[in-house]
Amino acid sequence: MELSGRSILITGASGGIGRPTAELLAREGAKLTLFARSAAPLESLRATIESRGGTAIAVAGDVRSVSDAERAVAEAVRRFGGLDAVVNNAGIGLLESVAEASDEKIAELLEVNVLGTIRVTRAALPALRARIALGDGGGGVIVNVASFAGKVGVPYYSFYNASKFALVGLTEAWRRELGPQGIRVVLVIPAAVETEFLAGLDRGRALGLGPAGTVLKPEEVARAIVDALRRPRPEVYIPRRNRWMGLLNAVSPRLADRIVNRLFRYPARPA
């Protein structure tokens, strides 16, 4: 998809991966709808983009709210005449054991990471279909930002894993359901990313050893998202080598168990 002039909605746009993604897309000439909960950072980003000659609107809202999701899509259509693509980037993390995590934290995690993605996508579908009906061959792309935790389960991340495994399954099914309708659905699968969530954790507990301890800069993931919009394909691993561990996890779970348990040795666990 040629990005210049395209109307693109980004959730979780105010920080983390979302902000550099918006900045890159603005440089490509895309018309952006920035959607996140925090109004002040959103407005700051919008002002920065427009000061550099880009085009963006800021819509403060919560992906957990159907009405907020519908309002963000409606604003994109009103301002830019339609919607060509959605980047479902909003998400939160949780690093707690099976026994530690509260029901409230688990429910919030699933509401944001899973139901939020569903609600924004469902709100956007009519606008995406309307754009495809115009017949210019460019629009109709959904990019879901998951995690390598959606392919390989890791100790203490079980509830976060559950949310991202759900996103992997949703994306796979939507790709097959919506593809024949002209809507391409892409799954972006990054390793750990340097975000506020990771910054607030004990890294000895949050990260594994060797490749399992890879930490990406948000800008690396942003570049992959922009490339996925330009050239949609089913799955994008960052870094690419993680694809092999994902494959091993599928074909030999017992061997994958041994490898993962050696890579993730937390202080609370015996060596």
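A quick note: this is a predicted structure, and the numbers were derived from the prediction, not measured.
For the pair G12 and N89, the tightest heavy-atom approach, listed with the atom from each and the gap, is O-ND2, 3.1 Å. Nearest heavy atoms, V188 versus A228: CG2-CB, 4.5 Å. L83 and A124 make their closest contact through CD2-CB, 3.8 Å (heavy atoms, listed as atom of the first residue, atom of the second, distance). Nearest heavy atom pair, residue G82 against residue S7, reads O-OG, 2.7 Å. Between S102 and E96, the shortest heavy-atom contact is N-OE1, 4.2 Å. Pairing each heavy atom of L94 with each of Y160, the nearest pair is O-CB, 3.6 Å.
Checked for salt-bridge contact, R46 and E43 meet the test: a charged N lies under 4.0 Å from a carboxylate O. Remark: R223 does not engage D227 in a salt bridge, criterion side-chain N to carboxylate O under 4.0 Å.
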Going through the checks in order, is the side-chain contact (heavy atoms from CB on, under 4.5 Å) test met by R71 and V59? CA-CA 8 Å; R71 177 167 53 86; V59 180; 3.4 Å; yes
Dump the intermediate steps for side-chain contact (heavy atoms from CB on, under 4.5 Å) on L34 and I49, then the final yes or no. CA-CA 11 Å; L34 311 171; I49 287 172; 4.2 Å; yes
Between Y157 and L95, is the side-chain contact (heavy atoms from CB on, under 4.5 Å) condition met? List the steps. CA-CA 5 Å; Y157 278 100; L95 175 59; 3.6 Å; yes
Applying side-chain contact (heavy atoms from CB on, under 4.5 Å), run through R52 and E23 and close with a yes or a no. CA-CA 10 Å; R52 296 171 179 169; E23 291 173 339; 3.9 Å; yes
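The CZ atom of F80 sits 9.5 Å away from the CD atom of E75 when rounded to the nearest 0.5 Å. With values rounded to the nearest 0.5 angstrom, D68 atom CG is found 11.0 Å from R37 atom CZ. L170 contributes atom CG, which lies 10.5 Å from atom CD of E177 (distance to the nearest 0.5 angstrom). Of the inter-residue distances, the one linking I238 atom CD1 with L216 atom CG reads 6.5 Å to the nearest 0.5 angstrom. One finds the CD1 atom of I57 at 9.5 Å from the CD atom of E50 (value rounded to the nearest 0.5 Å). R119 CZ to E111 CD: the interatomic distance, rounded to the nearest 0.5 Å, is 4.5 Å.
With W174 as the fixed residue, the side chain to side chain contact (heavy atoms under 4.5 Å, CB included) test singles out one of L187, I118, I183: I118.
The local environment of CZ in R240 is sparse, with at most 12 non-hydrogen atoms from other residues, nucleotides or ligands closer than 6.0 Å.
Taking 4.5 Å as the limit, some side-chain heavy atom of L229 sits within range of a side-chain heavy atom of L25. Within the 4.5 Å cutoff, side-chain heavy atoms of L9 are placed close to those of V120. A heavy-atom distance below 4.5 Å is found between the side chains of K151 and V168. Residues V141 and R230 have side chains not in contact (no heavy-atom distance under 4.5 Å, counting atoms from C-beta outward). Counting heavy atoms from C-beta outward, E235 and I189 have side chains that approach closer than 4.5 Å. Residues L3 and R27 form no side-chain contact, since every pair of their non-hydrogen atoms from C-beta on lies 4.5 Å or further apart. Using a 4.5 Å heavy-atom cutoff, the side chains of V185 and N144 are in contact. Residues L125 and L178 have side chains in contact (heavy-atom distance under 4.5 Å, counting atoms from C-beta outward).
The backbone N or O of G140 lies less than 3.5 Å from no partner atom in the side chain of D84, so there is not a single donor-acceptor pair. Side-chain atoms of T11 come within 3.5 Å of backbone N or O of A90 as a donor-acceptor pair. Looking at N113, its side chain does come within 3.5 Å of a backbone N or O of I92 through a donor-acceptor pair. Checked by atom type and distance alone, the side chain of T117 never pairs as donor or acceptor with a backbone atom of N88 at under 3.5 Å. Panel note: side chain N161, backbone V152; a donor-acceptor pair is recorded below 3.5 Å. A distance-only check finds a donor-acceptor pair linking the side chain of T48 to the backbone of S44 [under 3.5 Å]. Put simply, the side chain of S97 never gets that close to the backbone of Y156: no donor and acceptor are under 3.5 Å apart.
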